[in-house]
There are 2 protein chains.
Amino acid sequence: MPANGEARARPASIRDVARLASVSHQTVSRVLNEHPSIRAETRQRVLDAIRTLDYRPNPAARALASSRTNLLGILSATVGEYGTTSAIVAIERAARERGYSISTLNLPDSTPAAIGEAVRLLQHEQVDGIIVLAPQVRVYNVIGGLGLTVPVVSLQTSTGGDAESVAADQMLGARMAVEHLIGLGHSDVLHIAGPQDWIEAESRMRGYLDAMFEADLPALPPIRGDWTADFGHFAGRELSARRDITAVFAANDLMAIGLMHGFREAGARVPDDVCVIGFDDIPVAAHIWPTLSTVRVDFAELGRRAVTHLLAIIDRQDAPVFEMLRPELIVRESTTRRATRP
Amino acid sequence: MPANGEARARPASIRDVARLASVSHQTVSRVLNEHPSIRAETRQRVLDAIRTLDYRPNPAARALASSRTNLLGILSATVGEYGTTSAIVAIERAARERGYSISTLNLPDSTPAAIGEAVRLLQHEQVDGIIVLAPQVRVYNVIGGLGLTVPVVSLQTSTGGDAESVAADQMLGARMAVEHLIGLGHSDVLHIAGPQDWIEAESRMRGYLDAMFEADLPALPPIRGDWTADFGHFAGRELSARRDITAVFAANDLMAIGLMHGFREAGARVPDDVCVIGFDDIPVAAHIWPTLSTVRVDFAELGRRAVTHLLAIIDRQDAPVFEMLRPELIVRESTTRRATRP
DNA sequence: AATTCGAATGTGCACGTTCACATTACTCGA
DNA sequence: TCGAGTAATGTGAACGTGCACATTCGAATT
C-alpha cells in the first residue's frame, strides 16, 4: 500500500485517476471517450476523480496510441490579406470550440516544391485534416497530384465539385458590382483583375465579363494587378490618360484605394470623372475619401463552414451541403450617380 | 532475414531505419539528435537509410518520451490588427525555420478566466514556450499570477525588465510624431489614445505627454478610443466643433483615418484646418486622401526577435539582448506645414 | 602484453494512451 | 434454477521515441 501523500511533480495520468476511482485505466478511457457501456454510478466516480486530480489526457500519448491528433492544419498563402486573416481567426475559434487545435503553415512561395514540402510537413505532424487557404490554381493541382490520405478542404475552390459548399459566390459578387455600375449609366467599365493564377481573381473577372456581356456592352481587356494598393496607384496614373473609361471595378479594395490615389494625382476626380468599386469591404473602406463602394463577403462564416465540413469528413459523416455564400453589395460615395453624358 | 518487399502501410519507424542501417534504434536516435560520439561512417549509413525509407521521427512519440513537443503557443488578443497579424506571420516563419510548429490561440475576451483557461489549454498541449501578443496589462497580471513552468515571452511589454528586448520603443515613436507636429508650429495637439488597459496605448500616450511637457506646451486630456476607425469617425465629428485644436496624434492609423473622415464630414479640412498623424503605417496609409503621416514599426522583426528570445530561454542559453526597436517617422500629406497663425 | 579509459554502440524500460481480447456481473426467459 | 446472452469491467500489449545503464571496441599508456 504505497503512501501517496507526496507532492506530485508530474500531472495526473489516466492510471492515477483509475486508482482514485477504484476502476481500471481502461474504464477511465471509456468514460473519456464516451463509450456507451458504463454504469452511471461508475462514470460519476471517474468524473469526480478526474476533477479532483485536475486530470487532462495527454495529447501526445493519445496521438501515439490512436494516431489521431485532434489537430487541423491551415495551409495559407496570403496572410495579411483581410479576407484570409478573418477566415483564419474564425477557423481557429470554431476548431477550438470542438476540441481541435490549429497548426498554421504559411507558404513562403507557391512553387510546387514549396507546396509539396508544406503539405508533407503538415501530414507529418499527423494533422487530422487540412484547410487550404491558398486560392491559387497551381496549389490545388499540386495537392491533387499528391495522393494525400488526410482529408483536405479548401476555401474558394470553384474547380472541383464537392468543395463548392465552402465558397462564396464571388462571381455573383463581381456581377453585382458591375451591374451596379451599369445601372448608374456606365458603359465603359474597366476591370483591374488579380493575378492570373488566382481562383478568386478568375471568378471576379468572370463575373465582370458575364455582366458586361449580358448588358450587351463591350468588355475591355482587364488589367492584371497583384492585389496591392501600390499596383492600384500605378494603374491609376496610367489610366487617367484614357478618357474613355468612366468606371472601374477593382478585384479588391486595396487596389481600388491605390487606384483612386493614382486618379487623384492625375487630376481625375472620383466619382465625378470616374467611379470606382472594390471587393472585400476592408475596415477602412467606409472611412476613406471618397468612401469606397465594394462587395462584402463573410469570410468568417466561410472559415466556420470549412471547419464544419472538414470535421464531418474526418468523422466520416455526411458533410452538410451549404449553398454558396451570397456576397453583399455596399454602395458608398465612390459610385454615386454620375452626371449623364451630354 | 525477413523478406521486406511488402508494401508498408505505416510510415517507417526508427526501428525500420535501424534494421536497414544494421544498427540499434538508439544509434539512429543519436544521429537524429546529433550526439557527438557517432562514427562518421555509421552516421552516413543511418542517414542513407533515413533517406531511403523517407523516415521522419513521429512527433507524438517524441513528445511522449521526451516531453518536448517542438511546439510554440501564440496567445493573441487582437488578430485583425495590422501589427499583430504581421508579427504572427513572421513568428510562424521563424519558428518553422528552426523546426518548431505553432499553435495559435485567440482570446475570445480578456477576462482573467478566459486568459487562465487559454494558458492552461496551451500548457496542456505541452507547448515548449508561449509568445503573448495580447498587450493588455491585465493579461500579464493574470499570467504572472499563474506560476507557469513554461517560458513566456511577450511582445511589447514595458512593465517587466527582461522582456524589454522584444519591444519597439513606442514611447519614442509617439514622441517623434508629436515633436513633428510641434515642429510644424502646432501648440494645441490632442491625443486620441487607445483603450486604458493596453500597454501600447499607455506608451504612446506617455510619449505624447513627454513631448508636450518638454516643449513646454499644455497637454490636453487625451480621448480614449478603441482602436477602430469607427471610433475615430465618431471622435472626428465631435471634435470638429473645438476650434482650438490644430493637430491630432491618433494612437493608430485606423482611428486616424476615421478621424479624418469625421473632420471631413464636419467641414474641417486636413491638413489645412487640422493636421493628423497616426501610428502603424498600415498598407493603405500611403494611398488614402490625404496620405497619412504615421509612425512605422517593424512588427515582423519584433516577431522574429520573440522567437529567438524564446528559443534561447527554452534551450537555457543566454537570451540575446536587443535594443528596443526604433520606430520610423513617415511624413505625408496629412501633416504638411500649416499656415502659421496670423 | 596487460591495463586503462574514453569513444562507440547496444539493451530494456518508461512515457500515457488506445486497442483487442478476456473476464466477470447482471438480466431475462424457460 | 439454470443457462444464455449482453452489459460492464479488467488485462496485457502495442504505439515510436528517448533515457539510463550496460557493453564492446580501440588506442594509448605502462
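All values below were derived from every heavy atom in this structure, side-chain atoms included, with hydrogens, water molecules and symmetry-related copies excluded. Every chain is numbered from 1 and lettered A, B, ... according to where its sequence line falls, protein lines coming before strand lines.
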Original post:
What is the distance from CG of B:Leu64 to P of D:dA14, rounded to the nearest Å?
Top reply: 17 Å
**OP:** May I ask you to evaluate whether B:Ser67 reaches the phosphate of C:dC15, defined as a side-chain N or O under 4.0 Å from OP1 or OP2?
**Re:** no
Original post:
If you look at every strand shown and take non-hydrogen atoms under 4.0 Å, does A:Thr42 touch a base, only sugar-phosphate, or nothing?
Top reply: sugar-phosphate
Original post:
Looking only at N and O atoms, is any donor in the side chain of A:Arg30 or the base of C:dT18 less than 3.5 Å from an acceptor on the other one?
Top reply: no
Subject >> Whole-Å gap separating C1' (D:dG18) and CD1 (B:Ile14) >> reply: 8 Å
Original post:
Reckon A:Ser24 has a side-chain N or O less than 4.0 Å from the OP1 or OP2 of D:dG10?
Top reply: yes
**OP:** Write down the distance between CD (A:Gln26) and P (D:dA7), rounded to a whole number of angstrom.
**Re:** 17 Å
**OP:** Starting at atom NE2 of A:His35, determine the distance to atom C1' of D:dT6, rounded to an integer number of angstrom.
**Re:** 12 Å
**OP:** Choose from D:dG10, D:dT17, C:dG16 the nucleotide whose nearest atom is closest to any side-chain atom of B:Ala61.
**Re:** D:dT17
**OP:** Under 4.0 Å between any heavy atoms, over every strand shown, what does B:Ile38 touch: base, sugar-phosphate, or nothing? Just pick one.
**Re:** sugar-phosphate
**OP:** Report the distance from atom CG of A:Asp16 to atom P of C:dC15, rounded to the nearest whole Å.
**Re:** 10 Å
**OP:** Would you mind telling me which of B:Gln44, B:Arg45, B:Arg51 makes a side chain to side chain donor-acceptor pair (under 3.5 Å) with B:Asp48?
**Re:** B:Gln44
**OP:** Flag the pair A:Val150 / A:Ile314 as yes when at least one side-chain heavy-atom distance between them is below 4.5 Å, and no otherwise.
**Re:** no
Original post:
CG of A:Leu53 versus C1' of C:dG16: gap in Å, rounded?
Top reply: 15 Å
Subject >> Comparing A:Val28 and B:Ala65 on DNA chain C - which has the more 5′ nearest nucleotide >> reply: B:Ala65
**OP:** In sequence, state the C-alpha distance, the side-chain angles, and the governing distance for A:Arg19 and A:Asp16, and then conclude on salt bridge (Lys or Arg N to Asp or Glu O under 4.0 Å).
**Re:** CA-CA 5 Å; A:Arg19 201 174 312 127; A:Asp16 297 323; 3.5 Å; yes
**OP:** Apply the test side-chain hydrogen bond (donor to acceptor under 3.5 Å, both in side chains) to residues B:Gln126 and B:Ser67: give CA-CA distance (whole Å), side-chain angles for both, the deciding distance (0.1 Å), then the verdict.
**Re:** CA-CA 7 Å; B:Gln126 296 188 272; B:Ser67 57; 5.5 Å; no
Subject >> Candidates C:dT9, D:dT9, C:dG10 - which lies nearest the side chain of A:Arg39 >> reply: D:dT9
**OP:** Rounded to the nearest angstrom, tell me the gap between atom CG in B:Asn58 and atom P in D:dA14.
**Re:** 18 Å
**OP:** Considering just the side-chain nitrogens and oxygens of A:Thr27, establish if one lies under 4.0 Å of OP1 or OP2 belonging to D:dG10.
**Re:** yes
Original post:
Do the side-chain N or O atoms of A:Arg62 get closer than 4.0 angstrom to the phosphate oxygens (OP1, OP2) of C:dT18?
Top reply: yes
Subject >> hbond_proxy B:Arg15 side chain to D:dT17 base (donor-acceptor, 3.5 Å cutoff) >> reply: yes
Original post:
Where the side chain of B:Ser66 meets the backbone of B:Arg62, is there a donor-acceptor pair that is under 3.5 Å apart?
Top reply: yes
**OP:** Find the distance A:Gln126:CD to D:dC15:P and express it as a whole number of Å.
**Re:** 14 Å
Original post:
Under 4.0 Å: is that the gap between some side-chain N or O of A:Ser37 and OP1 or OP2 of D:dA7?
Top reply: no
Original post:
Is the phosphate of D:dT17, meaning OP1 or OP2, less than 4.0 Å from a side-chain N or O of B:Ser29?
Top reply: no
Subject >> Under 4.0 angstrom between A:Asn33 side-chain N/O and C:dT18 OP1 or OP2 >> reply: yes
**OP:** Say whether, by atom type as modelled, one donor and one acceptor occur between the side chain of B:Ser29 and the main chain of B:His25 under 3.5 angstrom.
**Re:** no
Original post:
Any donor-acceptor pair under 3.5 Å between the side chain of B:His25 and the base of D:dG18?
Top reply: yes
